[in-house]
Amino acid sequence: MNDQLADTNRDIRDRQDASNLLQALTGDDMAILARILSRWDGDSNEVLYDPGDEVDHVYFPCGPSMVSFRVALADGPDVETVLVGREGAVGGIVSQGRLPAYARAVVQYPGPFLRAETAALEAAKHQSATLRHFFARYADCLLAQVFQSVACNAAHSIEQRTAKWLLYAVERTGDDLIALTQEQLAGMLGVGRTYVNRVIQSMKARGMLQTGRGRMRILDRPRLDRIACRCEHDVRRHFEEVLRGVYPGDRAGPTLDVEVGPQPEPA
């Protein structure tokens, strides 16, 4: 078990993929969480929760990992409401207990996570008022993301939203090559694949991106940024006001040099 813990610690220290949210904690609060955190690797399209499922774990995306919250509509496809990367967390951050999930949470981009049992996180928050306040502040930021997403879906064009999403993915992964199909993108935007195909073909014709088998490569980020709506900038500004330094910018995410608990034994 000690060897397993050492390997987990070394893996997290050596990789440039940490949780910006956890990195913002004080040393004392991080020490509290370190005892309940374990390493977990999520695969693309892996479902963390379905609506009604008991939220028994909290997940902190690290590095390029991203999770999509999607709401299933009775008369249409799932619609993405918010995308969470290394600036955030997924699960019962401020709830007191294992409450049922409302939306589907899906790993959109695979990679490492740190996770803790919801009950253990609740116990940790009882040990530190600053930890409780910190996660309450993050919950406010997550709500701001949801508000902005609702407004964006209602007011901005498919092209603007597509450009925004592609830039978000590039910023989180640090790679201009994004593992994404047009069908997946259409599902996240809540529109038909035909509409997304027109936008992608237009962007290709203007030299902004290339497409391959399940891949999109960004060729002209500045031009893509000029097309994208400003919603991401508004969310970033709120994060900076509430949780300064957490929201990813043009820099790589910081490393998380902490002692995290060992992975649970397979069932």
When rounded to the nearest 0.5 Å, the distance separating CG of Leu99 from CG of Asp53 is 13.0 Å
Smallest heavy-atom separation, Cys231 atom then Lys164 atom, equals CB-CD, 4.1 Å
Any donor and acceptor pair, going by atom type alone, linking the side chain of Glu87 with main-chain N or O of Gly85 inside 3.5 Å?
yes
Decide whether Leu177 and Met203 are clustered together by the hydrophobic rule: side chain heavy atoms of Ile, Leu, Val, Met, Phe, Trp, Tyr closer than 4.5 Å, transitively.
-> no
Heavy-atom closest pair (Ser202 atom, Arg206 atom, distance to 0.1 Å) is OG-NH2, 2.8 Å
Exercise. Look at the side-chain heavy atoms of Ile, Leu, Val, Met, Phe, Trp and Tyr, link any pair under 4.5 Å apart, and say whether Ile158 and Met208 land in one connected group.
Key: yes
Rounded to the nearest 0.5 angstrom, the CD-SG distance for Glu159 and Cys229 is 11.0 Å
| said: Tell me whether Lys125 contacts the main-chain N or O of Ile93 through its side chain, where contact means a donor paired with an acceptor under 3.5 Å. | reply: yes
So the side-chain hydrogen bond (donor to acceptor under 3.5 Å, both in side chains) pairs with at least one residue in residues 132-147 (sequence neighbours excluded) are Asp140-His238
Problem set entry | Side-chain (Tyr247) to main-chain (Asn20) donor-acceptor, under 3.5 angstrom | no
Looking only at heavy atoms, the pair that brings Ala136 and Val94 closest together is CA-CG1, 3.8 Å
Short side-chain to backbone donor-acceptor contact, Asp220 and Arg223, under 3.5 Å: yes
**Message:** Applying side-chain contact (heavy atoms from CB on, under 4.5 Å) to Val107 and Asp43, what does each step give before you reach the verdict?
**Reply:** CA-CA 7 Å; Val107 177; Asp43 293 329; over 6 Å; no
Interatomic distance, CG@Leu185 vs OG1@Thr181, rounded to 0.5 Å, equals 8.0 Å
**Prompt:** Do you reckon Tyr168 sits in the same ILVMFWY cluster as Val170, going by side-chain contacts under 4.5 Å, direct or chained?
**Reply:** yes
Exercise. Within the distance-only criterion (no hydrogens, no angle test), does the side chain of Arg213 pair as donor or acceptor with the backbone N or O of Thr211 below 3.5 angstrom?
Worked result: no
Taking every heavy atom of Leu131 against every heavy atom of Ala124, the minimum-distance pair comes out as CD2-O, 3.7 Å
Here the gap from Arg221 atom CZ to Leu167 atom CG, rounded to the nearest 0.5 Å, amounts to 7.0 Å
Please list every donor-acceptor pair under 3.5 Å in which a side-chain atom of residues 188-200 meets a protein atom from a residue at least two apart or in another chain.
| residue | atom | partner | partner atom | Å |
| --- | --- | --- | --- | --- |
| Asn197 | ND2 | Gln182 | OE1 | 3.0 |

I'd like to check Leu114 versus Tyr59 (side-chain heavy atoms, cut-off strictly below 4.5 Å). Are they in contact? no
Heavy atoms of Pro61 and Phe113 approach each other most closely as CA-CD2, 3.5 Å
The complete set of side-chain hydrogen bond (donor to acceptor under 3.5 Å, both in side chains) pairs with one or both residues in residues 99-109, sequence neighbours excluded, reads Asp50-Arg104, Arg70-Gln108
Value for OG (Ser149) from CZ (Arg161), rounded to nearest 0.5 Å, stands at 8.0 Å
Any ion pair linking Asp225 and Arg230 (charged N to carboxylate O, less than 4.0 Å)? yes
* Return yes when atom CD of Glu183 has more than 12 non-hydrogen atoms of other residues, nucleotides or ligands closer than 6.0 Å, and no otherwise. => no
Task: Test: Arg172 and Glu232 ion pair at under 4.0 Å - done: yes
Thr118 and Val55 have their tightest heavy-atom pair at OG1-O, 2.9 Å
Separation between OG1 (Thr173) and CD1 (Ile178), nearest 0.5 Å, reads 6.0 Å
Among the clusters formed by ILVMFWY side chains lying less than 4.5 Å apart, do Leu33 and Trp40 turn up in the same one?
yes
Item to check | Side-chain heavy-atom pair Thr26, Phe134 within 4.5 angstrom cut-off | outcome: no
**Exam field: side chain Ser68 to backbone Val106, donor-acceptor pair closer than 3.5 Å** = no
Would you say Val84 ends up clustered with Val146 if hydrophobic residues are merged whenever their side chains have heavy atoms under 4.5 Å apart, either directly or through other cluster members?
yes
